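Scroll down for the structure; my scribbles are underneath it.
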Amino acid sequence: MTRIYFNEVVTRDGFQIEPEFIATDDKIALIDALSQCGYAKIEATSFTSPKAIPMLRDAEEVMGSITRVPGVEYTVLVPNLRGAERALESRADELNLVMSVSETHNLANLRMTREQSFAALTDVVRHVDGRTPINVSLSTCFGCPMEGDVPLAVVQQWAQRFADLGVRGLTICDTTGMAHPAQVSRMVEALQQQLSHTQLTLHFHNTRGMGLANVLAAVQGGITRLDGSLGGLGGCPYAPGASGNICSEDAIHMLDAMGYDTGMDLSKLLNVARHLPAIVGHEVPGQVAKAGRITDLHPAPAYVAELKGAAHD
Ligand code: COA
Ligand code: ZN
């Protein structure tokens, strides 16, 4: 059975686009509940500028108060050296550096050119110097909402530059749900061939309803690490039209049904997911938490028993 490793991003990617501040205690309680569900990794928060992402201005408090469960890695998003110092101070298990492969989106999101971001992130890698594993999330790999198509060769070039710096992993992000399954198949084939020593994670948004189809294309192409967001919350505030990530519990439910080993306790996860609307104050896109699992059956109406009885008479 193929093992699939899930990284839960709801309290980072999921919450950063929410309009109402979510209380620090609610974030901590949610991360603690998610820690009991079997995740390989949880992206707990980001060490970005509190002006840019006010929702995550409590990153230190969150990282300092969660209960760390052995076997779960607690990772944090980091845009620059200042963020890396804060993340190290908070004893994050991994630093998830971020830049966009689209010049326009990188300027919109991080206020730097790609070359400036690369230089800043190179400084971070040197500064960390192997003390903590580093992952790099590359945004807009499947298309930029402002520039359009991003050639595969451009993604490969940035991926290679970070692989050459010796980072442990790369996350290939479809920031605004522009990927389609055929493109995903081509991308994962090319990158796995190119980067055999780098952990590859795929990060999809369901903006155009292709999220689970893209998950399937990735997994069938050999990818074993996925990002997902509880309830399907999420989106980058600096990407026009961004909306929710793939819904973790829906993706896990699908892969479980197909016989993949996700390592997840889906019943526990669905219980956590059912509390999410109360935390964010609105309905969420996830479907399995509402519909139940395919194994959750319903009693037949009484007249069906009568009809069955009549058929036997
Ligand atoms: N943590 C806390 N504060 C930070 C910071 C960090 N990592 N990096 C910069 N700042 C502060 C600076 O101290 C400065 O504060 P001041 O105005 O009180 O003096 C302010 O932010 C601006 O700093 P500057 O270095 O000029 O950065 P910038 O304005 O060019 O912003 C980023 C660059 C990357 C810090 C900012 O755009 C950012 O945090 N973006 C978040 C991107 C993000 O998370 N997007 C969604 C996920 S992909
Ligand atoms: Zn995202």
Side-chain angles (χ1 to χ4, degrees), residues 6-18 41 43-63 75-90 92 95-102 104-114 116-121 123-124 127-128 135-146 170-179 201-208 210-211 214-215 226-248 251 285:
F6 265 89
N7 175 30
E8 175 57 57
V9 302
V10 66
T11 53
R12 201 280 299 168
D13 205 349
F15 282 178
Q16 70 186 6
I17 202 172
E18 284 296 318
K41 210 192 268 190
E43 188 163 297
T45 186
S46 73
F47 287 100
T48 46
S49 150
K51 279 185 199 143
I53 310 282
M55 173 64 88
L56 303 178
R57 62 180 184 246
D58 54 6
E60 271 84 1
E61 211 180 332
V62 167
M63 286 302 283
T75 187
V76 294
L77 193 87
V78 164
N80 56 15
L81 197 53
R82 170 89 191 279
E85 274 163 2
R86 294 172 62 204
L88 290 173
E89 189 109 333
S90 294
L95 271 54
N96 183 24
L97 313 186
V98 62
M99 69 167 274
S100 183
V101 295
S102 145
T104 310
H105 181 248
N106 205 63
L107 286 164
N109 190 34
L110 299 168
R111 298 172 184 276
M112 289 179 259
T113 65
R114 290 173 297 178
Q116 286 168 333
S117 272
F118 184 76
L121 300 183
D123 284 348
V124 170
H127 178 74
V128 172
N135 187 81
V136 179
S137 280
L138 295 175
S139 309
T140 68
C141 286
F142 295 89
C144 166
M146 293 162 285
L170 285 168
T171 300
I172 306 303
C173 301
D174 180 24
T175 308
T176 59
M178 294 174 76
T201 301
L202 271 284
H203 175 110
F204 295 115
H205 284 255
N206 195 37
T207 318
R208 294 176 175 80
M210 290 188 275
N214 289 332
V215 165
L226 295 166
D227 284 358
S229 178
L230 196 73
L233 291 182
C236 173
Y238 300 98
S243 71
N245 291 65
I246 57 147
C247 170
S248 300

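On a predicted model such as this, the values are computed, not experimentally measured, just so you know. Whatever order the structure lists ligands and atoms in, that order sets their numbers, starting from 1.
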Examine distances only and state if a side-chain atom of [X] and a backbone atom of [Y] form a donor-acceptor pair shorter than 3.5 Å.
{"X": "T175", "Y": "T140", "value": "yes"}
{"X": "H205", "Y": "S243", "value": "yes"}
{"X": "S248", "Y": "G228", "value": "yes"}
{"X": "R208", "Y": "G177", "value": "yes"}
{"X": "R114", "Y": "V101", "value": "yes"}

Tell me, which protein N/O/S atoms are under 2.8 Å away from the Zn ion (ligand 2)?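 Listed by chain and number, the nearby protein N, O or S atoms are D13 OD2, H203 NE2, H205 NE2.
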Compare every heavy atom of D123 with every heavy atom of L81, then report the nearest pair and how far apart it is.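 Smallest interatomic distance, heavy atoms only, reads CD1-O, 4.2 Å.
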Considering all heavy atoms of both residues, which atom of A87 and which atom of V76 are nearest to each other, and what is their separation?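 Here A87 and V76 meet closest at CB-CG2, 3.6 Å.
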Is it the case that more than 12 heavy atoms not belonging to E61 sit under 6.0 Å from its CD atom?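 Result for CD/E61: open.
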If you count heavy atoms of other groups shown closer than 6.0 angstrom to CD of E60, is the number above 12?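 Yes - once you tally the heavy atoms of other residues, nucleotides and ligands closer than 6.0 Å, there are more than 12.
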When you look for protein heavy atoms under 4.0 Å from ligand 1, which residues do they belong to?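 Protein residues near ligand 1 are R12, Q16, F47, T48, S49, P50, K51, A52, I53, L77, P79, N80, R82, G83, R86, N109, L110, R111.
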